[in-house]
S.K.: 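Take this structure first; my questions come after.
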Amino acid sequence: MGDEVPGPLVGPGEIQQMLGVGRSRFRQLVWHPAFPKPFQTLMGGSVWLKSEVEAWIAEYRQPRPPADDDEQG
């Protein structure tokens, strides 16, 4: 067996947490042309390399303002 995993893997649930989105928004985001392709697709679903997902988030997602920072004049 020579398929070594080059780092931690994440599934849809972990990616939804990383992005702060629900299942339907996650499904939309995986169709984004620049979203990383799954590292592997298993019977239970796809898994991605965490480092690739983190890189995508850093490039394509705007940071969210802190929750306690809602100034409403």
Side-chain angles (χ1 to χ4, degrees):
M1 307 230 165
D3 284 358
E4 284 193 36
V5 179
L9 299 174
V10 289
E14 290 88 357
I15 296 172
Q16 287 171 49
Q17 278 190 320
M18 292 165 73
L19 291 168
V21 299
R23 198 176 330 174
S24 59
R25 180 67 180 137
F26 166 74
R27 286 196 201 111
Q28 292 172 343
L29 290 171
V30 297
W31 289 102
H32 188 283
F35 196 84
K37 299 295 176 232
F39 175 73
Q40 199 168 45
T41 300
L42 311 169
M43 255 169 64
S46 297
V47 290
W48 288 259
L49 284 173
K50 185 176 184 182
S51 59
E52 290 183 357
V53 175
E54 289 171 336
W56 184 87
I57 290 170
E59 186 168 347
Y60 291 95
R61 298 285 287 188
Q62 294 299 315
R64 294 172 182 261
D68 61 354
D69 190 19
D70 56 306
E71 295 179 26
Q72 295 194 357

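Heavy atoms only: backbone and side chains are in, while hydrogens, waters and symmetry mates are out.
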S.K.: I need the minimum non-hydrogen distance between P38 and W48, along with the two atoms involved.
M.R.: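 It is N-NE1, 3.5 Å.
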S.K.: Between I15 and F35, is the side chain to side chain contact (heavy atoms under 4.5 Å, CB included) condition met? List the steps.
M.R.: CA-CA 12 Å; I15 296 172; F35 196 84; 4.2 Å; yes
S.K.: Where is the tightest heavy-atom contact between Y60 and A34, given as atom of each residue plus distance?
M.R.: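 Looks like OH-CB, 3.2 Å.
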S.K.: State, yes or no, whether a side-chain contact exists between P6 and L49 at a heavy-atom distance under 4.5 Å.
M.R.: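 Counting from C-beta outward, P6 and L49 do come under 4.5 Å.
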S.K.: Quick check for you: to the nearest 0.5 Å, what is the distance between Q17 atom CD and F26 atom CZ?
M.R.: 12.5 Å
S.K.: Please step through side chain to side chain contact (heavy atoms under 4.5 Å, CB included) for the pair E52 and F39, ending with a clear verdict.
M.R.: CA-CA 9 Å; E52 290 183 357; F39 175 73; over 6 Å; no
S.K.: Between R61 and L19, which heavy-atom pair has the shortest distance, and what is it?
M.R.: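 Minimum heavy-atom contact is NH2-O, 3.4 Å.
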